Asker: 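I am attaching a structure below and will ask some questions about it afterwards.
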Amino acid sequence: MKSVSETPVRVRFAPSPTGYPHLGNIRTALFNWLFARHHGGKFILRIEDTDRARKVEGTEEAILDSLRWLGLDWDEGPYFQSQRLAIYRDITRGLLEKGHVYLCYCPPQRLETMRREQAERREPPKYDRQCRHLTEQERAQLESTGANPVVRFRTPVEGETTFNDLIHGAVTFKHDTLDDFILLKSDGYPTYHLANVVDDHLMAVSHVLRADEWLSSVPRHVLLYGALNWTPPQFAHLPIILGPDRARLSKRHGATAITEYQKQGYLPSAMVNFLALLGWSLDDRTELLSIDDLIKHFSLQRVGKTAAIFNRDKLDWMNGVYLRQLTLDEFVQQAIPFLDRDLPESVERPLDRGFVGSVLSLVQERARTLGEVPELTRFFFEGELQYDPRLLLAGKLEAPEAAEAVAAGMARLLQIQMWDAETLEGTLRPLATELGISTGKLFGLLRVALTGRTAAPPLFQTMMVLGKEKCMQRLERAAQLLSAFSGLEA
RNA sequence: GCCCCCAUCGUCUAGAGGCCUAGGACAUCAGCCUUUCAAGCUGAAGAUCAGGGGUUCGAAUCCCCUUGGGGGCACCA
């Protein structure tokens with residue numbers, strides 16, 4: 001399982017705090033983490049906070065929370081690029097001395113105009129290199145105006161750059177399709193290209209696993225590595241994850257922040273399993289894999305090239321599978337915060353753990369997310385039920401007939417000593433025969449009376465958990481509702 | 001507009017020239033089980049492997065073109 005390569009495996013997850021991490025971001029983190037763990041290497045966390053304007057408050061914490069939630073622990077970091085400005089500046093100075101970069105004084109307005117004109121002429125938008133050939137005099141002149149220059153890379157005009165991507169194979173870009181990109185902004189902060197290359201090198205990153213959208217900036221990075229006389233890491237560009245509309249994942253897709261899934265009651269284990277299968281597969285049949293399985297089997301060779309659409313239905317199914325695999329104790333543990341949060345306010349807190357356990361044992365195999373649990377179990381906790389009385393006749397019984405059945409049931413139930421599922425069934429099943437209605441109809445009627453709905457856990461177990469008192473109250477209430485019906489019809 | 005990437009059931013995917021009359025999973029439909037709902041089991045439907053040319057005795061698999069989709073081309077990452 002261990003890699004035999006000379007250099008130790010060191011990978012990083014390098015998000016920017018400009019938005020809340022979504023499925024795609026986290027899938028990238030997961031693949032990096034799995035790769036590191038599989039090879040016994042290091043997983044480094046680096047926050048790329050070099051854009052002061054776009055920084056969004058709270059996103060750094062969200063990134064850490066998301067990783068922690070899924071158990072993607074990091075071995076180093078988080079490093080913050082905003083704290084490493086001196087490093088980028090020093091390196092830029094060295095590049096300047098060697099003539100690999102130059103100072104550019106073009107004001108943003110000029111660049112904008114230039115790009116607009118290029119668009120009109122249907123030319124690719126590229127910096128026209130005006131400052132690349134400045135004479136000493138011109139430079140001094142511009143310098144004296146007090147303008148803060150940016151630093152641009154002197155991209156070779158001719159030739160091409162080819163690199164080998166671990167997933168895509170050889171990829172070639174001609175240099176004349178590139179322009180002189182900016183390394184250092186006028187505010188002294190580095191751009192992604194500079195900071196990324198410098199840090200990956202300084203942090204001895206061996207493999208860069210990141211989303212496909214970066215593929216086209218690799219030639220710039222390779223050129224930079226060359227200018228710095230550094231050996232580039234290995235690159236692997238992962239397929240991106242698309243929304244249901246085939247567009248890139250974005251805010252428009254609703255629950256995009258990964259923490260939303262946590263709030264909706266998905267388990268980290270299910271999330272990890274699901275995410276791992278978005279772009280990676282073990283074979284032609286395995287769907288369910290534990291974290292250990294994933295670490296054991298993960299390999300870049302089995303990462304696909306095609307963008308994947310995130311399929312919520314399958315996530316729901318998988319989460320249900322993981323929910324059912326929990327012991328009852330674990331399920332209770334996981335579900336309680338959701339009950340606390342979403343059960344009606346009228347339900348008294350704190351919830352009785354023993355009672356919650358009995359309730360949850362009846363819905364564990366019925367829930368696909370923990371978020372559904374409160375709604376699934378609400379009637380166990382509530383006092384008087386609110387429901388449409390017509391549901392009582394959903395079994396196609398006439399109102400008088402139904403009223404009679406409920407009354408007979410109550411009379412019978414009053415007499416029994418034990419209140420367990422077996423006794424209840426033994427009491428009520430014969431009653432159906434005596435009343436001359438099918439068990440289905442009788443049980444359906446009682447189900448509505450006791451739960452307020454037509455779909456609920458098995459009747460006798462439900463009654464047992466509900467307890468005799470509550471059951472009798474609800475039957476009484478149903479009887480009243482039914483008599484009101486009969487009155488109407490009369 | 002230019003550059004790059006990608007292309008197997010609705011969706012996630014298996015497939016690295018003959019094992020493919022293209023396999024699995026989710027979703028869908030039907031049956032079984034059954035007091036309802038789930039779960040479970042069984043089965044069905046669903047892909048002319050984007051289209052067209054090659055290469056080869058043989059192509060989903062290799063090459064080319066077309067089409068489609070995606071990404072990039074910022075003092076954003």
Side-chain angles (χ1 to χ4, degrees), chain A residues 14-19 48-51 53-54 104 106-108 111-112 115 118-119 121-127 148-152 165 167-168 171-174 176-179 181-187 189 191-193 195-196 211-219 237 239-240 242 244 246-248 274 277-288 301-302 304-318 320-321 324 363-368 376 394-395 425 428-429 432 438-448 451 453-460:
Chain A
S16 67
T18 52
E48 310 222 321
D49 53 349
T50 54
D51 186 338
R54 290 202 316 154
C104 170
C106 295
L111 299 177
E112 249 171 68
R115 273 192 290 268
Q118 285 166 337
R121 276 179 269 131
R122 308 190 141 206
E123 287 170 12
K126 285 189 335 194
Y127 176 57
N148 279 334
V150 300
V151 177
R152 287 187 186 269
D165 185 276
I167 290 169
H168 295 279
V171 182
T172 301
F173 286 81
K174 291 192 178 63
D176 62 16
T177 64
L178 272 27
D179 70 352
F181 54 99
I182 294 173
L183 295 183
L184 215 52
K185 307 182 233 178
S186 56
D187 65 0
Y189 277 65
T191 59
Y192 171 83
H193 302 301
N196 188 261
D212 249 349
E213 58 201 276
W214 296 107
L215 191 61
S216 46
S217 54
V218 177
H237 288 85
I240 52 179
L242 273 20
R246 272 211 143 292
R248 253 184 96 178
F274 177 77
L277 257 21
L278 236 40
W280 175 87
S281 64
L282 174 59
D283 52 31
D284 62 343
R285 55 195 69 257
T286 311
E287 303 284 342
L288 270 14
Q301 274 127 49
R302 298 206 58 87
K305 299 177 181 177
T306 39
I309 295 173
F310 152 63
N311 179 198
R312 178 73 168 248
D313 280 339
K314 187 158 178 176
L315 205 216
D316 284 348
W317 163 76
M318 193 172 275
V321 172
R324 274 172 252 130
V363 298
Q364 184 170 5
E365 69 177 25
R366 292 173 170 75
R368 302 211 294 179
L376 242 27
E425 180 163 10
L428 294 172
R429 199 174 278 282
S438 70
T439 51
K441 283 185 179 180
L442 177 62
F443 298 167
L445 171 63
L446 297 177
R447 176 173 302 107
V448 172
T451 69
R453 47 185 83 178
T454 53
L459 185 63
F460 309 115

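In what follows, chains are A, B, ... by sequence order, proteins preceding strands, each numbered from 1. Values in this document were obtained by computation on a predicted structure and should not be read as measured data.
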Asker: For B:A59, give its Watson-Crick or G-U wobble partner with both distances under 3.5 Å, or none.
Answerer: none
Asker: For the side chain of A:P124, starting at C-beta, report the closest nucleotide among B:G1, B:C4, B:A77.
Answerer: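 My answer, after comparing the listed nucleotides, is B:G1.
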Asker: With no hydrogens and no angle check, do the side chains of A:H237 and A:D165 hold a donor and an acceptor under 3.5 Å apart?
Answerer: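 Yes, a side-chain donor-acceptor pair sits under 3.5 Å.
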Asker: Check whether A:D51 reaches the backbone of A:T18 with its side chain - one donor and one acceptor, N or O, closer than 3.5 Å.
Answerer: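 Checking the backbone N and O of A:T18 against the side chain of A:D51, no donor-acceptor pair under 3.5 Å is found.
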Asker: For nucleotides 59-61 of chain B, print each protein N/O atom paired with a nucleotide N/O atom at under 3.5 Å, atom names and distance only.
Answerer:
none

Asker: Determine, stepwise, if the pair A:T50 / A:T191 fulfils side chain to side chain contact (heavy atoms under 4.5 Å, CB included).
Answerer: CA-CA 7 Å; A:T50 54; A:T191 59; over 6 Å; no
Asker: What protein N or O atoms touch nucleotides 29-35 of chain B N or O atoms at under 3.5 angstrom, if any, and at what distances?
Answerer:
residue	atom	partner	partner atom	Å
B:U35	OP1	A:R429	NH2	3.1
B:U35	O2	A:R447	NH2	2.0
B:U35	N3	A:L459	N	3.4

Asker: Quantified in whole Å, what is the C1' atom distance between nucleotide B:C49 and nucleotide B:C62?
Answerer: 15 Å
Asker: Name the nucleic acid region contacted by A:T172, choosing base, sugar-phosphate or nothing; use a 4.0 angstrom heavy-atom cut-off, strictly under.
Answerer: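 Sugar-phosphate, no base atom in range.
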Asker: Above 12 or not: heavy atoms from other molecules or residues under 6.0 Å from CZ of A:R122?
Answerer: no
Asker: Using a 4.0 Å heavy-atom cut-off, does A:S186 contact any base of the nucleic acid, only the sugar-phosphate backbone, or nothing at all?
Answerer: base
Asker: For a quick check of understanding: with a heavy-atom distance under 4.0 Å over all strands, which category does A:R324 fall into, base, sugar-phosphate or nothing?
Answerer: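 Sugar-phosphate, backbone atoms only, no base.
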Asker: Taking the nucleotide of RNA chain B with the nearest heavy atom to each, does A:L315 or A:A455 sit closer to the 5' end?
Answerer: A:L315
Asker: Checking side-chain contact (heavy atoms from CB on, under 4.5 Å) between A:W317 and each of A:D313, A:L315, A:V321, which is the one that passes?
Answerer: A:V321
Asker: I'd like the C1' distance from B:A59 over to B:G52, given in whole Å.
Answerer: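 Approximately 15 Å lies between the C1' atom of B:G52 and that of B:A59.
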Asker: Base, sugar-phosphate, or nothing for A:R122, non-hydrogen atoms under 4.0 angstrom?
Answerer: sugar-phosphate
Asker: Verify the contact: side-chain N or O of A:T50 to OP1 or OP2 of B:A77, cut-off strictly under 4.0 Å; return yes or no.
Answerer: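 True: A:T50 side-chain N/O within range (under 4.0 Å) of B:A77 OP1/OP2.
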Asker: Using Watson-Crick or G-U wobble geometry with both distances below 3.5 Å, tell me the partner of B:C33, or none.
Answerer: none
Asker: Compare the minimum distances between each of B:G1, B:C75, B:G71 and the side chain of A:P125, then state the nucleotide with the smallest one.
Answerer: B:G1
Asker: Report which part of the nucleic acid A:L442 touches: base, sugar-phosphate, or nothing (heavy-atom distance under 4.0 Å, all strands).
Answerer: nothing
Asker: Can any side-chain N or O of A:D179 pair as donor or acceptor with the backbone N or O of A:Y127 at less than 3.5 Å?
Answerer: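 Flag set: sc A:D179 to bb A:Y127 pair under 3.5 Å.
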Asker: Can you check the distance between B:G58 and B:C29, where both ends of the measurement are the C1' atom (answer in whole Å)?
Answerer: 38 Å
Asker: Indicate the atoms forming the closest heavy-atom contact of A:Q118 with A:K126, along with that distance.
Answerer: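 Closest heavy-atom pair between A:Q118 and A:K126: NE2-O, 2.7 Å.
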Asker: Checking the side chain of A:T451 only, and the main-chain atoms of A:R447 only, is there a donor and an acceptor separated by less than 3.5 Å?
Answerer: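 Here the side-chain-to-backbone pair exists.
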Asker: By the 4.0 Å heavy-atom rule, please label A:V150 as base, sugar-phosphate, or nothing.
Answerer: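 The answer is base, as A:V150 lies within the cut-off (heavy atoms under 4.0 Å) of a base atom.
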Asker: Between B:A47 and B:U13, how many Å separate the two C1' atoms, rounded to a whole number?
Answerer: 13 Å
Asker: Tell me the partner of B:C2, counting only Watson-Crick (N1-N3 plus N6-O4 or O6-N4) or G-U wobble (N1-O2 and O6-N3) with both under 3.5 Å; none if nothing fits.
Answerer: B:G72
Asker: Between atom CZ in A:F173 and atom P in B:C4, what is the gap in whole Å?
Answerer: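 Roughly 7 Å, once rounded to whole Å.
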Asker: Has the side chain of A:K185 got a donor or acceptor atom that lies under 3.5 Å from a matching backbone atom of A:P149?
Answerer: no
Asker: Within the structure shown, what part of the strands sits under 4.0 Å from A:R54 by heavy-atom distance: base, sugar-phosphate, or nothing?
Answerer: base
Asker: Distance check, P atoms only: B:C3 and B:A74, in whole angstrom units.
Answerer: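 So the two P atoms sit 16 Å from each other.
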Asker: For nucleotides 6-14 of chain B, just jot down a letter per nucleotide in 5' to 3' order: B, S or -, based on protein non-hydrogen atoms under 4.0 Å.
Answerer: SS---BBSS
Asker: Need one value for A:R121: base, sugar-phosphate or nothing, where a base atom within 4.0 Å counts as base even if backbone is also close, heavy atoms only.
Answerer: nothing
Asker: Could you work out the separation of B:A45 and B:A30 based on their C1' atoms and round it to a whole Å?
Answerer: 10 Å
Asker: Looking only at atom types and distance, does a side-chain atom of A:E48 sit under 3.5 Å from a main-chain N or O of A:N196, one as donor and one as acceptor?
Answerer: no
Asker: Using only atom types and a distance under 3.5 Å, with no angle test, would you say the side chain of A:R368 pairs donor to acceptor with the backbone of A:G320?
Answerer: no
Asker: When the aromatic ring centroids of A:Y192 and A:W214 are compared, is their separation below 6.0 Å?
Answerer: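 Ring centres of A:W214 and A:Y192 closer than 6.0 Å.
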Asker: Provide the closest heavy-atom pair for A:R152 versus A:C104 in the form atom of the first, atom of the second, distance.
Answerer: NE-SG, 3.3 Å
Asker: I'd like the P distance from B:G23 over to B:C9, given in whole Å.
Answerer: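 Straight-line distance between the two P atoms is 13 Å.
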Asker: Which nucleotide, in any strand shown, forms a Watson-Crick or G-U wobble pair with B:A44, with both distances under 3.5 Å?
Answerer: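 Per the H-bond distance test, B:U28.
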Asker: Considering only atom P, compute the distance from B:U42 to B:C33 and round it to an integer number of Å.
Answerer: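 Going atom to atom, P in each nucleotide, I get 15 Å.
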